[in-house]
Amino acid sequence: FPGLADVSISQDIPVEGEITVPVGSHSPDEDYSTLDEPVKDTIMRDLKAVGKKFIHVMYPRKSSALLRDWDLWGPLVLCVSLALMLQGGSADSKDDGGPQFAEVFVIIWFGAVVITLNSKLLGGTISFFQSLCVLGYCVMPLTVAMLVCRLVLLAGVGTVSFIIRLIVVGAMFGWSTLASTAFLADSQPPNRKALVVYPIFLFYFVISWMILTFTPQ
Amino acid sequence: GGGAAGPGPAGADTVSAPAQGGGSAVIDMENMDDTSGSSFEDMGEMHQRMKEEEEEEAEGEAGAGEEEDGEFLGMKGLRGQLGRQVADQMWQVGKRQASRAFSLYANIDILRPYFDVEPVQVRARLLESMIPVKMINFPQKIAGELYGPLMLVFTLVAILLHGMKTSDTIIREGTLMGTAIGTCFGYWLGVSSFMYFLAYLCNAQITMVQMLSLLGYGLFGHCITLFVTYNIHFHSLFYIFWLVVGGLSTLRMVAVLVSRTVGHTQRLILCGTLAALHMLFLLYLHFAYHKVVEGILDTLEGPNMPPFQRVARDIPVVSNAVLNTTSKAIALTL
């Protein structure tokens, strides 16, 4: 272009700017960053979150960490291990091995859903999955009780073992109920706490009773 | 304007080394004249860019903003951005439609008013359900509440599970839990619907929710009876509980229904049906899932009798016959 040959930039008006390709948005980059990390990191991060929640259940304090980052890994693991341990505890173990597992699974998940719906209908501020998360994690003491019961039953089936199992299961049941109440009842209006606590009590009572009446064949 | 790939860096160079002249395009923005177009690009690229901007405006997308931010990806980049915008819009519309449908049909707020109770009220209603009212000429108030009945049904399920386990009931098709839930919920919902239909036929003043509530609270008597008699296996005790506790809760429900119905025949139909169903349900729950059933069948067939079954022998002959036929029928169905 011959006409532009003599165009020049004067010194006192600097032309400045950035000649870079602007990034559209940052979120695709973030996804890429967690996709690129090694699988071990992802698993360890999730395991740490699950472990932290287990500790929260063991020492129930009012903390929002359990509620904020809900996940259902812990409840799934607990539910499956409890259902596996409760299997084969009836007369015809050949027939009832299957339904036993399905029963425990259905009781836990169906019961948790019902309690969540109930607390929401009563005017609760907690979300559906947060409530499921809390109820599932609070099954942990009962899973521990099941382990202890199985060990005690290895020693023998008698009155003494029954009393030990009763005490252990009773204590764990109380712990479960208290732990879940500490998280869930706070989201209710103060005069309705009893209405929310009763279904939780019934839920853990049914699970505890299934654990207590378990006799291996 | 944007920086093109080629002349851009060249432009930066010319800032630091002005007045090179010759082959490089040295630009003075101030002296630039509108008709000459952007001097950071050569004419060919500028022309293409204008064509693409037209295309963009024709589509009506907001991607032009990004384009003007200084990125020139060429035709492919533009189409990619357009595609992204279109996909984004479709996603938004779809999400809006789905959430609207969801909030319309899966709205649990429809049920919220029926759960608006205080613990004191629930306790009062539980106790009232065992007290028959005397005033049947004046329509009695029924609270349309679903929390109490729902909790009672679940408690009944739990008690039933206990009864089935201790009686070693073996369910071949299905699970214990399924049977318990099916029985209790089936009774509550099915009998309520049936009674509501009968009430509609007999011109009784009662709504569905009230019927559900009434029948649900009537299950309180069942819960008490079964809780006691599944643990203390005395037959005569069960009959006493059946008559007294079951009878009281039936009388209460019947009185409330009578107060809301006009006409003798209609009252008779409604109350007879409700009383029969309520009492028979308790009878069924006790005998279907109780150890005594198997015990009696064994007594009929075998000479050896463990001490426990001797208790069953104390019942009078008439009810024994009833018991036998009932238990045989139930055993056949099970």
Side-chain angles (χ1 to χ4, degrees), chain A residues 1 3-11 13-25 89-92 95-96 98-107 110-111 114-123 128 189 191-199 202-203 205-206 209-210 213-214, chain B residues 2-5 8-9 11-12 14-15 18-22 25-32 36 39 42-43 66 69-73 81 84 108-109 111-112 114-120 122-123 146-147 150-151 154-155 157-158 161-162 165-166 168 170-172 174-178 181:
Chain A
F1 302 143
L4 298 172
D6 54 354
V7 174
S8 66
I9 300 176
S10 49
Q11 289 283 13
I13 304 180
V15 174
E16 54 183 38
E18 275 187 10
I19 307 179
T20 52
V21 177
V23 180
S25 68
S90 58
D92 295 0
D95 281 22
D96 289 348
Q100 202 77 355
F101 184 92
E103 267 178 66
V104 178
F105 225 83
V106 163
I107 289 176
F110 182 63
V114 165
I115 294 176
T116 309
L117 284 177
N118 176 58
S119 72
K120 280 190 84 76
L121 283 169
L122 284 171
F128 184 73
N191 53 339
R192 301 226 175 139
K193 284 205 189 355
L195 295 181
V196 178
V197 170
Y198 177 70
L202 197 62
F203 176 61
F205 185 77
V206 168
W209 170 82
M210 279 198 304
T213 58
F214 170 78
Chain B
T14 48
V15 168
Q20 275 188 0
V26 177
I27 300 108
D28 185 354
M29 292 295 284
E30 255 195 348
N31 297 341
M32 199 175 76
S36 67
S39 29
D42 65 17
M43 297 299 282
E66 276 187 56
D69 274 350
E71 179 181 33
F72 187 68
L73 300 169
Q81 281 184 346
R84 266 200 292 279
I108 60 166
D109 283 334
L111 292 175
R112 212 180 270 271
Y114 304 126
F115 280 76
D116 193 10
V117 283
E118 306 290 318
V120 201
V122 176
R123 199 177 53 222
L146 289 179
Y147 173 81
L150 202 65
M151 289 304 128
F154 280 121
T155 314
V157 168
L161 260 184
H162 173 58
K165 273 270 183 168
T166 51
D168 293 330
I170 298 167
I171 312 271
R172 302 240 172 251
T175 67
L176 279 170
M177 191 66 196
I181 291 186

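In the text below, chain A, chain B and the rest are named by the order of the sequence lines, each starting its count at 1.
By the neighbour-count criterion of 12 heavy atoms within 6.0 Å, atom OH of B:Tyr114 is sparsely surrounded, having that number or fewer from other residues, nucleotides or ligands.
With contacts defined as side-chain heavy-atom distances shorter than 4.5 Å, the pair A:Ser119/B:Phe115 does not qualify. Between B:Met151 and A:Leu195 there is no side-chain heavy-atom pair separated by less than 4.5 Å.
Neither the backbone nor the side chain of B:Val157 comes within contact range of chain A; no heavy atoms are under 4.5 Å apart. With a threshold of 4.5 angstrom between heavy atoms, A:Phe203 does not approach chain B through any atom at all. Neither the backbone nor the side chain of B:Leu150 comes within less than 4.5 Å of any heavy atom in chain A. Contact of A:Phe110 with chain B is made through the side chain alone, with heavy-atom distances under 4.5 Å. Proximity to chain B (any heavy atom under 4.5 Å) is shown, for A:Lys120, by both the backbone and the side chain. In this structure, the portions of A:Leu121 lying under 4.5 Å from any heavy atom of chain B include both its backbone and its side chain. Contact annotation for B:Phe154: both backbone and side-chain heavy atoms come within less than 4.5 Å of a heavy atom of chain A.
Between the side chain of A:Arg192 and the main chain of B:Val117, a donor-acceptor pair closer than 3.5 Å is present.
Across A:Pro199 and B:Tyr147, no two heavy atoms sit closer than the pair CD-OH, 3.9 Å.
Interatomic distance, NE2 of B:His162 versus CH2 of A:Trp209, reported as 7.0 Å (0.5 Å rounding). Note that the CZ atom of A:Phe205 and the OG1 atom of B:Thr155 stand 10.5 Å from one another [nearest 0.5 Å].
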